Amino acid sequence: MAGEKCVAGSQAWFCTTGLPSDVVIEVDGMSFHLHKFPLMLKSRKLHELLSKPEHKEEDEEIDEGDIRRISLHDFPGVSATFEAAAKFCYGVRIDVSSTTVAPLRCAAEYLEMTEDFAEDNLLSRTELFLTQSVFRSLSQSVKVLKTCETLLPLAEDLGIAQRCIVNIVTGACATEVSSLFSWPVSDRHKNGIRSATWMEDLTILNLPFYKRVISAMKDRNPSTELIEGSLVSYANRTIPGLSRSKRNLKTAPPPAEPAQLDLLETIITNLSPAKSSVFINAQFLFGLLRTANILHAPESLRTALEKKIAAQLEQATLDDLLMPSYSYLVETLYDVEAVERVLRYFIEEASSAITAGDVSENVERLPAVNGDPFLTVGRLVDGYLAEVASDANLRVDKFCDIALALPDHSRVYDDGLYRAVDVYLKAHPALTESEKEKVCGVMNFRKLTLEACTHAAQNERLPLRAVVQVLFFEQLQLRQAIAGTILTAEEEDQPTAPPPPPSAEGGRWRVAAHENQLLRLGMDSMRNRVQDLERECTSMRRAIERIDRSGEGGGRWRGRPPPAGGWGSLGRKLGCKSRMQVFDSQETAPKRSVEEQS
């Protein structure tokens, strides 16, 4: 029977067999009071040490009372491992598991507890457990590999680590990830692979072993989903604060900064340069980019991340783009430089895809249809500009560069861009007239809705030239609206005379003649209406010229009611309201008022 006992503040382990111990072996701060005979029967190393004459050796001391004292300073593992080996020598049954088999195997090698020295020895027992239990299960192999981290270099020399890595890679590559997730619940433990947890199992490994697993896995050329799925799990486990939406996710203690950079480089360099699998989303990539900026990672790593983000930018959210600036050289609150680079890579990626598909060599010609990523990104950029526009340190050139980064077809309406311009002008009241005109130049006034034009015409923050353009295009939209209303009313009011019944010979001719007659009457009525509108437009152009001349002379008409019969009166006659319902760049329904926003 064996037991433990504390003596004089130091830990000591006694074998309570009823006989006094005749040898003390010190391992990892623990003193083991044992007997020579059982140790010498199982361990060749201890047999040789205890068989030597009792004179002082390098690792041996002579104690009074014929008690030998031996210090095993280089013993692989901790005192608990030697305790299990000692119990084995005494014939005590020991439990071998995935967490103890590697330390015991190394202890058996160190103590030379081999089969040729004694039958059914510790070395053969541990090897049998490795072969029959560990190397048939991926999860068991991961646990054994984890214990090898503290047993180097002996665990490496014995091939335990490499055999575990080979078994992990074989099990992971045995089945494609698509079939893993399609398994029934009863079959998810086939070959030791669990569809929802085997990737999580790898997160317990330290970075050197994990890099070896990934490298060996890439040599097998498996599907991208296998590698990237594991990378995502490992990054979420080891990089703190990677996901903003998972604040409570348990992560390992953060390593030192050099180790964090090594970890970040491992994740980024092993990601596929192509568009990511289902495991990689824009939120994960933006989290890596934020971490890279915090750690001041090399430019090559950040560029690789930004290009990968650009490949799936349509999946990003506004919260992803709002990355704080961590550089002392940048005065803006948010990292607008990174967003501008991502947009540039997005255009390059789209241009390459179009060229490869022989659609067009010019990205501007890509049609803006539903599902086009340009529309989604256009809306995203408009929202981003509206958020960063309030930053007093955001320069005019940078605001314009981001606004003009996307092609014109990325926005069906420019109402979202007008909202960002209005916020920028409000946050920067000291801009000169030329700077205001440059900011307003990012908008296409033809693509403002009637409601946006009505609001902009009364916006005192806009420069005079921009207001004149807004008024002109507003008038064009009003004319179209009037023409459409008149045409609809005439169609509703026009009496519909039934066509004469067709005869056997000329019925079809009489029906066509009747329809042509009705069409000519409608066209004559519409021609008169158009002439009236042209006269009204001529008077409005003259009003614009008077406004322009007054502006050049230093006077402004703002703050005073517009001339009678001018734009304001016409808008009121048509029932136009002064408040504007803002349209998104790809929607046709109003969202919220700019006045409410400002």
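Position 1 is the first residue of the sequence; numbering continues from there. All values reported here derive from a predicted model rather than from experimental measurement. FYI, side chains are in, hydrogens and waters are out, and symmetry mates aren't considered; it's all heavy atoms of this structure.
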### Query
Distance only, no hydrogens: is a donor on one side chain within 3.5 Å (strictly under) of an acceptor on the other, for Arg220 and Thr170?
yes

### Query
With no hydrogens and no angle check, do the side chains of His296 and Tyr326 hold a donor and an acceptor under 3.5 Å apart?
no

### Query
Would Lys42 count as a cation-pi partner of Phe117, with NZ or CZ less than 6.0 Å from the six-membered ring centre and within 45° of the ring normal?
no

### Query
Of the non-hydrogen atoms in Met323 and Arg290, which two are nearest, and what is the gap between them?
CG-CG, 3.9 Å

### Message
Could you check whether Thr114 and Asp116, counting side-chain N and O atoms only, form a donor-acceptor pair closer than 3.5 Å?
### Response
yes

### Task
Report, as yes or no, whether the 6.0 Å neighbourhood of atom NZ on Lys398 holds more than 12 heavy atoms from other residues, nucleotides or ligands.
yes

### Query
Does a side chain donor of either Asn281 or Gln315 reach within less than 3.5 Å of an acceptor in the other side chain?
no

### Query
Is Leu122 close to Leu111 at the side-chain level, that is, under 4.5 Å between some pair of heavy atoms?
no

### Query
Taking the inter-plane angle between the rings of Tyr234 and Tyr210 on a 0 to 90° scale, is it parallel (under 30°), tilted (30 to 60°) or perpendicular (over 60°)?
parallel

### Message
On a heavy-atom basis, which atom in Leu313 and which in Val377 lie closest, and how many Å separate them?
### Response
CD2-CG1, 3.8 Å

### Pair Lys143-Asp201, salt bridge (charged side-chain N to carboxylate O under 4.0 Å, His left out): steps then yes or no
CA-CA 8 Å; Lys143 293 177 181 178; Asp201 291 340; over 6 Å; no

### Partner residues of Tyr334 under the ring pair (Phe, Tyr, Trp, His ring centres under 6.0 Å) criterion, sequence neighbours left out
none

### Query
Looking only at side chains, do Ser124 and Asn121 share a donor and an acceptor under 3.5 Å apart?
no

### Query
About how many Å separate CZ of Arg44 and CG of Leu49, when rounded to the nearest 0.5 Å?
13.0 Å

### Summary
Nearest heavy-atom contact between Ile402 and Tyr384 is CD1-CE2, 4.3 Å

### Contacts of Arg125 that satisfy salt bridge (Lys or Arg N to Asp or Glu O under 4.0 Å) - sequence neighbours left out
none

### Message
Which heavy atom of Glu26 sits nearest to which heavy atom of Ser71, and what is that distance?
### Response
OE1-OG, 3.2 Å

#### Entry: Side chain Arg163, main chain Gly159, donor-acceptor under 3.5 Å
yes

#### Entry: side-chain hydrogen bond (donor to acceptor under 3.5 Å, both in side chains) evaluation trace for Thr303 with Arg341
CA-CA 9 Å; Thr303 300; Arg341 290 193 298 269; over 6 Å; no

### Task
Supply the atom-to-atom distance Leu128 CG to Ser133 OG, rounded to the nearest 0.5 angstrom.
7.5 Å

### Task
Start with the C-alpha gap between Lys146 and Glu149, add the side-chain angles, then the distance that decides, and say whether salt bridge (charged side-chain N to carboxylate O under 4.0 Å, His left out) holds.
CA-CA 6 Å; Lys146 176 64 178 177; Glu149 295 174 2; 3.0 Å; yes

### Least distance between heavy atoms, Leu19 atom then His35 atom
O-NE2, 2.9 Å

### Message
Are Phe88 and Arg93 packed together at the side-chain level, in the sense that at least one heavy-atom pair is separated by less than 4.5 angstrom?
### Response
no

### Nearest atoms (heavy-atom pairs only) where Val134 meets Asn167
O-ND2, 4.0 Å

